[in-house]
Protein chains: 2
Amino acid sequence: MTSRRDLAEMLYPLLQSLIAAEVPVLAAHGVSMWGYAVLGALEDGSVRTQAALAEAIGADKTRIIGTLDKLQATGLITRTPDPRDRRARILTITDEGREVRGSVRAEIQAHEERLLARLPEADRDGFLRALEALHRLPREDITDRSSLDRRPAHRSNPA
Amino acid sequence: MTSRRDLAEMLYPLLQSLIAAEVPVLAAHGVSMWGYAVLGALEDGSVRTQAALAEAIGADKTRIIGTLDKLQATGLITRTPDPRDRRARILTITDEGREVRGSVRAEIQAHEERLLARLPEADRDGFLRALEALHRLPREDITDRSSLDRRPAHRSNPA
DNA sequence: CACATTAGTAAGCATCCGCATATCATCTGC
DNA sequence: GCAGATGATATGCGGATGCTTACTAATGTG
């Protein structure tokens, strides 16, 4: 058994192709890939500071500054000093930012839906559920070779 | 509907984590990521020349040369001029190459199995089937926005 | 035989990435 | 109030990537 291909071997070209499809959409709306990721992280409000943002989107905190500068200059986000800790900058997505994010997202997901429509429904549903479950896993759970903990990736049992 | 995340948003960190898990294994066996991909492409014998190889693994043909040099120097592949077209080099994986490829692959897939074991079986099966189907699609089918053709990704109906 | 084409190779360039370092302002603990 | 830690920022290094150009050897075409 296990005569299948490695996951990365299949995921890599898939991701490449998806990104290639996204790039023109992003360019048409004047945002970069990182910019789009930033808007996404800010949209749900779970991220406030830049350090938290970098952590959330898996980017280097020194590398997102230019992205934030541009987003701010375009009026898609605001960066205001935290009155409680004036070292930190509170990041907020503006209405225009939400609008851009929504437009890009709609186009990207419409494209993805057309792609997913080519899969059998059962596989498609399983694919999305599995992907979401894997996405929720902390990075170390995937990276570490000592997967001694066999907690299911779905329905995590807290505590 | 479609309140889900973008595919790339979920695939990107997943791939990053998988690669991070693979790197130590590859290093332990003295092959690079591209080297491993080359061995994989050569293993099934569908690729003979360097140009075909570059095409197969989605790499630049000028960039794989160093990889091939190293694989050849390590004795994992052979590069012999094609007697019928002495411009071309016939690539062959050696027994030792097969062995290294097999070892690395076993380790990587064992790790992947442990990861996939955390998913519900139905989702896992659908995930793998969908991934394989998407992997079989030609790149343009994913990239192009004009997905006028709605052929299912599974059971392709040839002509 | 002259010409265009192709496979492999080498080299250069612009970009991006992760990582490390340094600076400055600010906060926190003692 | 001072020392140490922290957030944001700027900068530079090394590595990898995609893209382009150029050169060679060999093939094929007229």
Side-chain angles (χ1 to χ4, degrees), chain A residues 8 12-13 15-24 26-27 31-38 41-42 47-73 77-92 139 143, chain B residues 8 12-13 15-24 26-27 31-38 41-42 47-73 77-92 139 143:
Chain A
Y12 183 79
L15 183 58
Q16 291 296 326
S17 304
L18 285 173
I19 289 177
E22 289 183 8
V23 163
L26 291 164
V31 285
S32 68
M33 198 111 44
W34 286 115
Y36 180 64
V38 167
L42 292 184
V47 165
R48 295 176 56 83
T49 73
Q50 294 186 194
L53 172 67
E55 163 79 19
I57 64 177
D60 191 300
K61 70 177 185 298
T62 73
R63 291 283 155 185
I64 61 174
I65 296 180
T67 304
L68 295 177
D69 288 346
K70 185 154 189 190
L71 287 174
Q72 188 179 19
I77 67 168
T78 62
R79 238 190 315 189
T80 49
D82 186 344
R84 302 223 267 248
D85 181 349
R86 290 206 305 278
R87 290 171 305 179
R89 313 293 184 87
I90 302 281
L91 301 173
T92 320
R139 191 178 205 273
T143 298
Chain B
Y12 183 79
L15 183 59
Q16 291 295 324
S17 303
L18 286 174
I19 290 178
E22 288 183 9
V23 164
L26 291 164
V31 285
S32 68
M33 198 112 41
W34 285 116
Y36 180 64
V38 168
L42 293 183
V47 163
R48 296 176 55 83
T49 73
Q50 296 188 192
L53 172 67
E55 164 78 18
I57 64 178
D60 192 301
K61 72 173 188 297
T62 72
R63 290 283 154 186
I64 61 174
I65 296 181
T67 304
L68 295 178
D69 289 344
K70 184 153 192 192
L71 287 174
Q72 188 178 19
I77 68 168
T78 61
R79 239 189 316 189
T80 49
D82 185 345
R84 300 225 266 250
D85 182 349
R86 290 206 304 281
R87 292 171 302 178
R89 314 292 185 88
I90 303 283
L91 301 174
T92 320
R139 190 177 207 276
T143 299

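Being a predicted model, the structure only gives us computed values, none of them experimental. We name chains A, B, ... by the order of the sequence lines, and we start the count at 1 in each one.
Here dT17(D) presents its P atom at 8 Å from CE of Met33(B), a figure rounded to the nearest Å. Summarising the geometry, the separation between CG on Asp60(B) and P on dT15(C) is reported as 18 Å, rounded to the nearest angstrom. Separating the CG atom of Asp82(B) from the P atom of dA26(D) is a distance of 13 Å, rounded to the nearest angstrom. Residue Ile19(B) contributes atom CD1, which lies 12 Å from atom P of dG18(C) at whole-angstrom precision. One atom, CD1 of Ile64(A), and another, C1' of dC19(C), lie 15 Å apart when rounded to the nearest Å. Protein atom CG of Leu26(B) is 13 Å distant from nucleotide atom P of dA16(D), rounded to whole Å. Rounded to an integer number of Å, the gap from Arg84(B) CZ to dA26(D) P is 18 Å. Distance Leu71(B) CG to dG8(C) C1': 16 Å, rounded to the nearest Å.
Distances shorter than 4.0 Å separate none of the side-chain N or O atoms of Trp34(A) from OP1 or OP2 on dC16(C). For Arg89(A) and dA25(C), the shortest distance from a side-chain N or O to OP1 or OP2 is not below 4.0 Å.
Comparing dA10(C), dT17(D), dT20(D) by their closest approach to the side chain of Arg63(B) singles out dT17(D). Minimum atom distance to the side chain of Arg86(A) is reached by dT26(C), of the listed dT9(D), dT26(C), dA7(C). The side chain of Ala88(A) lies closest to dG7(D), out of dT9(D), dT9(C), dG7(D). The side chain of Arg87(B) lies closest to dT5(C), out of dT5(C), dC19(D), dT9(C).
Each of Ile65(A) and Tyr12(A) was assigned the nucleotide of DNA chain D with the nearest heavy atom; the assignment lying further toward the 5' end belongs to Ile65(A). Judged by closest nucleotide on DNA chain D, Asp69(A) is the one of Asp69(A) and Gln16(A) placed further toward the 5' end. Sequence order on DNA chain C of the closest nucleotides to Arg79(B) and Pro83(A) puts Arg79(B) first from the 5' end.
At the heavy-atom level, Asp85(B) lies under 4.0 Å from the strands shown only through sugar-phosphate atoms. Here Arg48(B) lies out of heavy-atom contact (under 4.0 Å) with every strand. Thr62(B) comes within 4.0 angstrom of a nucleotide base, judged by non-hydrogen atoms across all strands.
Looking at Asp82(A) and Thr49(A), their side chains never come closer than 4.5 Å, going by heavy atoms from C-beta outward. Using a 4.5 Å cut-off on side-chain heavy atoms (C-beta onward), Val31(B) and Leu71(B) make contact.
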>> Please evaluate residues Gln16(A) and Arg139(B) with respect to the criterion side chain to side chain donor-acceptor pair (under 3.5 Å), reporting the C-alpha separation (whole Å), side-chain torsions for both, the decisive distance (0.1 Å), and the verdict.
In response: CA-CA 9 Å; Gln16(A) 291 296 326; Arg139(B) 190 177 207 276; 4.7 Å; no
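Within the model, atoms CG of Leu91(B) and OG1 of Thr80(B) stand 8.0 Å from one another, a figure rounded to the nearest 0.5 Å. Distance check, rounded to the nearest 0.5 Å: CD1 of Ile90(A) to CG of Leu42(A) gives 11.0 Å.
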